[in-house]
Amino acid sequence: QVQLVESGGGLVQAGESLRLSCAASGRTIRNYAMGWFRQAPGKEREFVAAISWSGGSTDYADSVKGRFTISRDNDKNTVYLQMNNLKPEDTAVYYCAGTSYSGSASVFLYEYNYWGQGTQVTVSS
């Protein structure tokens, strides 16, 4: 049983950067694969980035590859999403997710069994 809490969202202009954090509590997430998903108003939740339990493997949606970087610090029980060169189409609620069932990075929403409450990211043009 683990709780995930996102932070770091806000309002920025296009081209600027933002760093999201996902703090886990209750137990260690060092054995969990972790991911970031986002959901814009009126749209379904979509995959953004994922990282394996050790941080050795990562995966990104094509729309963010080269701009976003997922990382983790298992000693701090925290996952990060560095977002550079933000675009208006990045505007969404961003969710941190984890799976206790796999240590491999996954792009599939249904494989994650722990979710944070979300943090709003708004990018103006």
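Because the structure is predicted, anything quoted here is derived from the model rather than measured.
- Linking Ile, Leu, Val, Met, Phe, Trp and Tyr residues whenever their side-chain heavy atoms come within less than 4.5 Å leaves Tyr101 and Phe108 in two separate clusters.
- For the pair Tyr94 (side chain) and Leu81 (backbone), a donor-acceptor distance under 3.5 Å is absent.
- By the 4.5 Å heavy-atom criterion applied to side chains, Trp115 and Leu109 are counted as neighbours.
- Residues Tyr114 and Ile29 fail the side-chain proximity criterion, which asks for heavy atoms closer than 4.5 Å.
- Between the Glu111 side chain and the Thr99 main chain, no donor and acceptor come within less than 3.5 Å of each other.
- A cation-pi contact links Arg45 to Tyr95, judged by a cut-off of 6.0 Å to the six-membered ring centre and 45° from its axis.
- Under the 3.5 Å distance criterion, the side-chain polar atoms of Ser104 are left unmatched by any main-chain donor or acceptor of Ser102.
- Atom NZ of Lys87 is separated from atom OG of Ser63 by 8.5 Å, given to the nearest 0.5 angstrom.
- A donor-acceptor pair is defined here as one N or O able to donate and one able to accept, closer than 3.5 Å; such a pair exists between the side chain of Thr91 and the backbone of Val123.
- Across all non-hydrogen atoms, the minimal contact from Arg72 to Ala33 is NH1-CA, 4.2 Å.
- The nearest pair of heavy atoms linking Gly35 to Tyr112 is N-CE2, 3.7 Å.
- No side-chain heavy atom of Thr69 sits under 4.5 Å from any side-chain heavy atom of Tyr80.
- Note: Trp36 and Phe47 fail the aromatic proximity criterion, with ring centroids not under 6.0 Å apart.
- Taking hydrophobic clusters as Ile, Leu, Val, Met, Phe, Trp and Tyr residues chained together by side-chain heavy-atom distances below 4.5 Å, Phe37 does not share a cluster with Leu4.
- Formation of a donor-acceptor pair under 3.5 Å by the Arg27 side chain with backbone atoms of Gln1 is found in this model.
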Run the numbers on Glu6 and Gln117 for side-chain contact (heavy atoms from CB on, under 4.5 Å), then give the verdict. CA-CA 7 Å; Glu6 304 96 332; Gln117 84 289 346; 2.8 Å; yes
Would you please test Asn77 and Thr28 for side-chain contact (heavy atoms from CB on, under 4.5 Å) and show each step? CA-CA 6 Å; Asn77 224 27; Thr28 180; 3.7 Å; yes
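- In terms of modelled atom types and a separation under 3.5 Å, the side chain of Asp90 and the main chain of Val121 share no donor-acceptor contact.
- Remark: the Ser100 side chain and the Asn31 side chain contain no N/O donor-acceptor pair separated by less than 3.5 Å.
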Show me the donor-acceptor pairs, under 3.5 Å and distance only, between side chains in residues 13-25 and residues at least two apart or in other chains.
residue, atom, partner, partner atom, Å
Glu16, OE1, Gln13, N, 3.0
Ser17, OG, Asn84, OD1, 2.9

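- The shortest non-hydrogen separation linking Pro88 to Ser125 is CG-CB, 4.0 Å.
- Under a hydrophobic-cluster definition in which Ile, Leu, Val, Met, Phe, Trp and Tyr are linked whenever side-chain heavy atoms come within less than 4.5 Å, directly or via other members, Trp53 and Val107 are assigned to different clusters.
- Here the side chain of Ser52 pairs a donor or acceptor atom with the backbone of Ser57 at under 3.5 angstrom.
- Between the CD atom in Gln120 and the CZ atom in Arg38 there is a gap of 12.0 Å [rounded to 0.5 Å].
- Side-chain contact check for Glu46 versus Gln39: every heavy-atom pair is 4.5 Å or farther apart.
- Atom CG of Leu11 is separated from atom OG of Ser124 by 5.5 Å, given to the nearest 0.5 angstrom.
- For the pair Ile70 and Val79, the minimum side-chain heavy-atom distance is below 4.5 Å.
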